[in-house]
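So you know, we letter chains A, B, ... as the sequences are listed, proteins then strands, and number each from 1. From a predicted model like this one, the values you see are computed outputs, not experimental measurements. FYI, side chains are in, hydrogens and waters are out, and symmetry mates aren't considered; it's all heavy atoms of this structure.
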Amino acid sequence: MTVTSDAPSEKPRVAPWNDPRVRSFAFQALLVLLIGFLVYEAVDNAADNLRRQRIATGLGFWDAIAGFPISQSLIPYSEASSSYGQAFWVGLLNTLLVASIGIVLATLLGFGVGIARLSKNILIAGIARWYVEIIRNLPLLLQLLFWYNAVLKALPGVRESAVLPLGSFLNNRGLFMPKPVTGAGFDLVLAAFLAGVAGSIGFRIWAKRRQERTGRTAPVGLVTLGLLIVPAAIVFLASGSPLTFDVPTAGRFNITGGMVLQPEFLALLFGLVIYTAAFIAEVVRAGILAVSRGQTEAAFALGLRPNLTTNLVVVPQAMRVIIPPLTSQYLNLTKNSSLAVFVGYPDLANVFTGTVLNQTGQAIEVVGITMLVYLTISLGTSLIMNWYNARKALVER
Amino acid sequence: MSTLEISETASGREASFVRREMRAAEPAPSSEVGAVAWMRQNLFTGPVNTLLTIALVLLAAWVLPPLFRFLVTDAVWTGANREACIYTAERTAVGACWAFVRDRVAFFTYGFYPLAERWRVDVFFVLLIIGVAWLLNLRAPRRDLGAIYGFVILPIVSFILLSGSKTLGLPVVPTNLWGGMMVSIVVASVGIVVSLPLGIVLALGRRSSMPAAKLFSVIFIEFVRGVPLITVLFMASVMLPLFVPDYMQPDKLLRALVGIALFASAYMAEVVRAGLQALPKGQYEGAMSLGLGWFQMMRLIILPQALKITIPNIVNTYIGLFKDTTLVVIVGIFDFLKAIEAARIDPTWAAPTVSTTGYIYAAVFYFICCYAMSAYARAVEARLAVADKR
């Protein structure tokens, strides 16, 4: 029985201060201690300062009466009886309202401008290019102030309102529009419409499966359009047209009826949409350019017609490049909606870190809650996007 | 055979069917060259494009003349107060009120900085321009000295210059008198100078194999990137004073600077991280196989390459930072845009077109700065693309 010399090779002998593991451990211990010390100091000082300035701590203010008016609210809110908690929800809903409408409009405008930048018509391409250059190189705040102070607030007063089509009025108090009033049976119309949506999604899935199996295409566009309109229209007519409009009427000093989009909301929406669309346009342009010309040529060589080439070859590949940066633009829009503070639109940042902070003085809680809300929105969206990306990513073999 | 033919021809027997000189080229068809062809290719490609072109030309004819009238012909160039820019019986059309900008331009530039001390701000601007030119020009001599000048000497000298020092005989100017373009540039410069090193540290931390360093970096970066700048500024403005002892309360401008610098460095960290990720693994392995330690590897091999390829993105982050400095007004800093706002609602200049004029002036300033930066980023990108091609 011989002893082989294959015993595990000895560890190189180094001084402990040269051992990477010891070093790494020491460095990390130092880092943790340092950050722990900073946090401890901050908390200690904060407790001390709060005690000395007699600022209350905790979330006790949440149920207290807020006592300040909010100019736009999606849920019932009254100055006299609503709490800070309700003010928080009003602000959050207003943020989500302007962000969701803004996202839809900015996407439409952004895709339009992005495609226009690639137009063969140099006038269109030039205008789109300078739109992007100018808007991207100006601060959003400057644009918001311009829309609010120099455009919307400079509009004529109520008496000289600009009359727009469909019974709308535009003046320095906002945009007055007909307000849809739903009657009995409108729920049925809505249900029929939702059924149409579900049906068209089902049809799309079926058509895609069949095309993958047999190669036969179905008229998806026409069928979707039909499913969306026809059932809803039939129910609408059958239940006696349960939708009327409350049209605003101009009086001498005021406009009555209808609904009003306040200039604060409009300025914020305009500013956000126009600003974000310029960034989305660049994202879209880069995405389309990322699809190499060979792809289009190969599709033509296979005998696909131009619109099929676009739909089946270019768009799916471009979307893969477009969607991740597009999401971060959506998040930017949502975060930028906090600039509402500057034009007086009652969004979350304005209501909460503005008025509520001034009234309660509880900086840590108020700023903390506000940050947490934005953080939840951002991280939630990122998670969904990572999942989506993993699904859509190029499968490499 | 062919040689034979040629030699025969060359030998003197004239072959009348061989053409000796080239016939002059026909001019290209007029539809393919010149202005007509250019217009056909670029403006009237098809019926849809033709209609769009006509519509756009009509739109331009509708929009541009009033715009020109507003900016130039109807504009008011001289005057000392609102009288110059209001509607009167004989002046029914008032364009941009440039007299307002001319009257308040010193206020827009220096804010409330004392009149007698404004030369110090001018010196600061000159020093800054030297630093910027030295660092940005890739062919400038001794750019290592330039970096020391830009990131170490310039900040210290500027601080002493702008805030004053008793020992040097410069009267102290408290930061609440700083304002206008000057304070915007100070905030942006501090953000730029602080965010790059801090961003590099955070990016290295995020890619580090040490779990503690990685965790802290990820939390910081994701937290800051997930919230709007306004809330970060609010935090710096109302929470920071609570976190430090009573005897060292930070001054208002410093709070805003801390907020801006932290915010920008989180974004910078992601940009630098992208650059680090773009480097092939072989660069790390090559450096390690040469026996370089971690700091040497980063300083000599990794960071020079990673930062070079990400210069365009770094500059783009700086553009965002520069635009974001406008938000410091929320914590009470009297920046350029705030100076415009204050002057615009000042009753001395209460006239209908003053607001628009002020905004146009601000827009021109921001556009020139940001466009110059983005043009620089594009030039570097083009240079790098050429370097890649070899």
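Looking only at side-chain heavy atoms (C-beta outward), B:F367 and A:L142 stay at 4.5 Å or farther from each other. The shortest distance between side-chain heavy atoms of A:N137 and B:F322 does not fall below 4.5 Å. Between B:E341 and A:F342 the shortest side-chain heavy-atom distance does not fall below 4.5 Å.
Scanning residues 326-333 of chain B against chain A with a 4.5 Å heavy-atom cutoff picks out B:T326, B:L327, B:V329, B:I330, ordered by number. The stretch residues 221-231 of chain B places B:E222, B:F223, B:R225, B:G226, B:V227, B:P228, B:I230, B:T231 near chain A, each with some heavy atom under 4.5 Å from a heavy atom of that chain. Contacts between residues 355-362 of chain A and chain B, counted as heavy-atom pairs separated by less than 4.5 Å, involve A:L357.
The ring-ring contact (aromatic ring centres under 6.0 Å, His included) pairs that include a residue from residues 126-157 of chain A are A:W147-A:F270, where partners are two or more places apart or lie in different chains.
Nearest heavy-atom pair, B:R344 versus A:N149, reported as atom, atom and distance to 0.1 Å: NH2-ND2, 3.1 Å.
Considering only heavy-atom pairs separated by less than 4.5 Å from chain B, the leading option among A:G368, A:A46, A:S337 is A:A46. With respect to chain B, the highest number of heavy-atom pairs below 4.5 Å among A:T370, A:L379, A:I124 belongs to A:I124. Contacts with chain B were tallied for A:V32, A:I35, A:L50; A:I35 has the most, counting heavy-atom pairs under 4.5 Å. With chain B as partner, the option from A:L372, A:L123, A:L145, A:I377 having the largest number of non-hydrogen pairs under 4.5 angstrom is A:L145. Residue with the most contacts toward chain B among A:E41, A:E133, A:Q143: A:E133 (heavy-atom pairs, distance under 4.5 Å). The residue among B:Y359, B:F216, B:F44 with the most heavy atom pairs within less than 4.5 Å of chain A is B:Y359. The most heavy-atom pairs under 4.5 Å with chain A, out of B:T356, B:I368, B:L56, B:I340, come from B:L56. The residue among B:S355, B:P241, B:P245 with the most heavy atom pairs within less than 4.5 Å of chain A is B:P245. If you tally non-hydrogen atom pairs under 4.5 Å between each of A:N49, A:V341, A:N121 and chain B, the highest count goes to A:N121. Between chain A and the options B:S374, B:C369, B:A363, the largest number of non-hydrogen pairs under 4.5 Å is found for B:A363.
Few gaps surround CZ on A:R52; more than 12 heavy atoms of other groups in view lie less than 6.0 Å from it. For A:K335, the NZ atom sits in a packed shell: over 12 heavy atoms of surrounding residues, nucleotides or ligands are nearer than 6.0 Å. Residue B:K323 places its NZ atom among more than 12 non-hydrogen atoms of other residues, nucleotides or ligands, all under 6.0 Å distant. Residue B:K214 places its NZ atom among 12 or fewer non-hydrogen atoms of other residues, nucleotides or ligands, all under 6.0 Å distant.
Heavy atoms closer than 4.5 Å to chain B are found nowhere in A:L38, neither backbone nor side chain. Looking at B:V244, the atoms closer than 4.5 Å to chain A (heavy atoms on both sides) all sit in the backbone: N, CA, C or O. Neither the backbone nor the side chain of A:F25 comes within contact range of chain B; no heavy atom of the residue lies under 4.5 Å from a heavy atom of that chain. Both the backbone and the side chain of B:V232 come within contact range of chain A, with heavy atoms under 4.5 Å apart. Heavy atoms of A:L331 lying under 4.5 Å from chain B are absent altogether.
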- Are B:M210 and A:L31 close enough, and set up right, to give a side-chain contact (heavy atoms from CB on, under 4.5 Å), and what steps lead you there? CA-CA 11 Å; B:M210 295 184 254; A:L31 190 68; over 6 Å; no
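Atom-to-atom distance recorded for A:Q28:CD and B:L215:CG is 10.0 Å, nearest 0.5 angstrom. The CZ atom of B:F234 lies 9.5 Å from the OG atom of A:S338; values are rounded to the nearest 0.5 Å.
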